[in-house]
Structure formats: C-alpha cells, structure tokens
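Let me begin by presenting the structure, written as structure tokens, before commenting on it.
Order of the sequence lines sets the chain letters (A, B, ...), proteins ahead of strands, with each chain counted from 1. Everything quoted here is computed from the prediction, not taken from an experiment.
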Number of protein chains: 2
Amino acid sequence: MEVYAANLIGGQWTLAICCYLINGKLRFGELKKKLPNITERMLTLQLRKLEENKLVKRTVYAEVPPRVEYELTESGQRLKPILGMLEKWGKEHQLLMATD
Amino acid sequence: MEVYAANLIGGQWTLAICCYLINGKLRFGELKKKLPNITERMLTLQLRKLEENKLVKRTVYAEVPPRVEYELTESGQRLKPILGMLEKWGKEHQLLMATD
DNA sequence: CGTCATACTTACATTTTTGTTGGTACCAAA
DNA sequence: TTTGGTACCAACAAAAATGTAAGTATGACG
C-alpha cells in the first residue's frame, strides 16, 4: 500500500522542502530563509534524510565560505504533479473545514 | 504551500487507513486486523484525528456489543487519485532505491 | 448470576522527535 | 591579527509520539 511513499514524504518539512526545490537549486541558507520556523538542526536532518532517500541531491563546492546546493533528483521531480494535486486538494479541504 | 495537506495526511497510519477505507466502510476491529502492527490505542487516536480533520466519518450503532463503522468522507474520497499516484510513484522509487 | 464480545479509555513508561546552545573549519578581507 | 560568513556538528534538554497493561460499559446468552 502507500505506506512506503508515506514514509518518504511524511516528515514535517519534507514536502515543504521539495516544494521549494521544484523551482530549482537552493543553497542551505536560502532554504532556511524560506522556512522561517525551521531550526538549522532540523533543516540539516531533513535534508540528510531526503538525500538518503534519493529525493534530493547535495552538491558541495570547495569554496570558502562553504557553498552547498540542494536540488531535486529525477525521482523527486516526479513528485511534482502529486504535489500539485495535493495542494489543490488541500485548498478545497481547507475551505470545507472553514465552513464547518 | 502543500504543508497544510502534508499535516493532514502525514501521520504514520493516516494514508494506510484511508487506503483501506477506499473500498468501503470498515469496523474498528476490521481495521485493526488490516493493520497488524498498530495498537488499539494508536488506531483510536488516528481515527479520532481523521474524524476531526473530516477525512473519515464515524458511525456508532446502539448495539451490544458495540459496533462502530468508519468510512471516508467525500473529501477523503477525493484523495483517491492522489493515493493512486503516490502508490505508483512509490513503486518506481522503490525500484530506484533497490538498484542503487 | 457469570461470561462474552466490542470498542474503547486511562495511567504510566518508553521511545522518538525536536529544540537549544555552543562550537568547528576554512579562507578572505580589514 | 581579528573579524566575518557559511554550513554545518555534538551534547544535552524538552516535548511529542507511541507502547503497555489494565479497566469500563453494555446487554445478550447460558
């Protein structure tokens, strides 16, 4: 059943991160700015997990100060339509919740 | 962003439960059998949350011993195509992970 | 009267997740 | 030499999620 996928995308920040990466690469610090409530530690952990799960690719540049870029893998990109549908569903559902 | 939807379906058992309910109503005990690793307590909590979020409707019959049936709401049903896509994506991704 | 079945609930313990704080490495520029 | 910027890591603390074990209510049935 969908449990496998659910485990991959179920983390609290996973979908949010993927969402921002859909539009292209982002550096660690850029992601941090986009996710104002996340702590550095959490962002690191989440990105590591995404990398392990091959949803995100991490590229380290040998510069000082360091530069690290994150981008979706091909598999991650394939989530795009699903994210789109989820967003649409979420908006509709949110309305339904609001109108009791 | 999709965070709203993610919070609704992100629970460890949420999608699994919805998945089983797609094929129709199920009693508490039936769900328990389908989810062998869930504890009664967890199943209760998850169903309560799903009910709160209006993904699942709970019907109690005034019988003894008690009978309680769970079914997807209309909003829950609308998740169906998304679950389908997620499952497909999950399978492909699982292959990719297996072949390193 | 005692037993059974179902769908819970409650108290407590354990595990997992997340937050907090402080520190590191590196080189460039002042 | 000191400061600054980036992307972390590690130790500890707090909070949240989950597990465990026991108990509850009800009426039917024997």
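As a whole-Å value, the separation of B:Phe28 CZ from D:dA25 P is 18 Å. The interatomic distance linking A:Glu69 (CD) with D:dT6 (P) rounds to 14 Å, in whole Å. Remark: C1' of D:dA7 and NZ of A:Lys25 are 17 Å apart, rounded to the nearest angstrom. Atom OH of B:Tyr70 and atom P of C:dT6 are 15 Å apart (whole Å).
Dashed line: the shortest gap from a side-chain N or O of A:Gln12 to OP1 or OP2 of C:dT18 is under 4.0 Å. An OP1 or OP2 oxygen of D:dA7 is reached within less than 4.0 angstrom by a side-chain nitrogen or oxygen of A:Arg27.
Of the possible polar contacts, one joining the A:Thr99 side chain to the A:Leu95 backbone as a donor-acceptor pair under 3.5 Å is found.
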Would you be so kind as to tabulate the donor-acceptor pairs closer than 3.5 Å made by side chains of residues 35-42 of chain B, with sequence neighbours excluded?
{"from": "B:Thr39", "atom 1": "OG1", "to": "B:Met42", "atom 2": "N", "distance (Å)": "3.2"}
{"from": "B:Glu40", "atom 1": "OE2", "to": "B:Lys32", "atom 2": "NZ", "distance (Å)": "2.9"}

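Using a 4.0 Å cut-off on heavy atoms, the residues of residues 37-65 of chain B that approach DNA chain D are B:Thr39, B:Arg41, B:Met42, B:Gln46, B:Val64, listed by number.
Scanning for side-chain contact (heavy atoms from CB on, under 4.5 Å) contacts around A:Glu92 gives A:Lys88, B:Arg78, with sequence neighbours left out. Not counting sequence neighbours, the partners of A:Arg67 by the side-chain contact (heavy atoms from CB on, under 4.5 Å) test are A:Arg27, A:Tyr61, A:Glu63, A:Glu69.
Listed by first and then second residue, the side-chain hydrogen bond (donor to acceptor under 3.5 Å, both in side chains) pairs involving residues 44-60 of chain A are A:Arg58-A:Tyr70 (not counting sequence neighbours). Sorted by first and then second residue, the ring pair (Phe, Tyr, Trp, His ring centres under 6.0 Å) pairs involving residues 75-100 of chain B (not counting sequence neighbours) are B:Trp89-B:His93.
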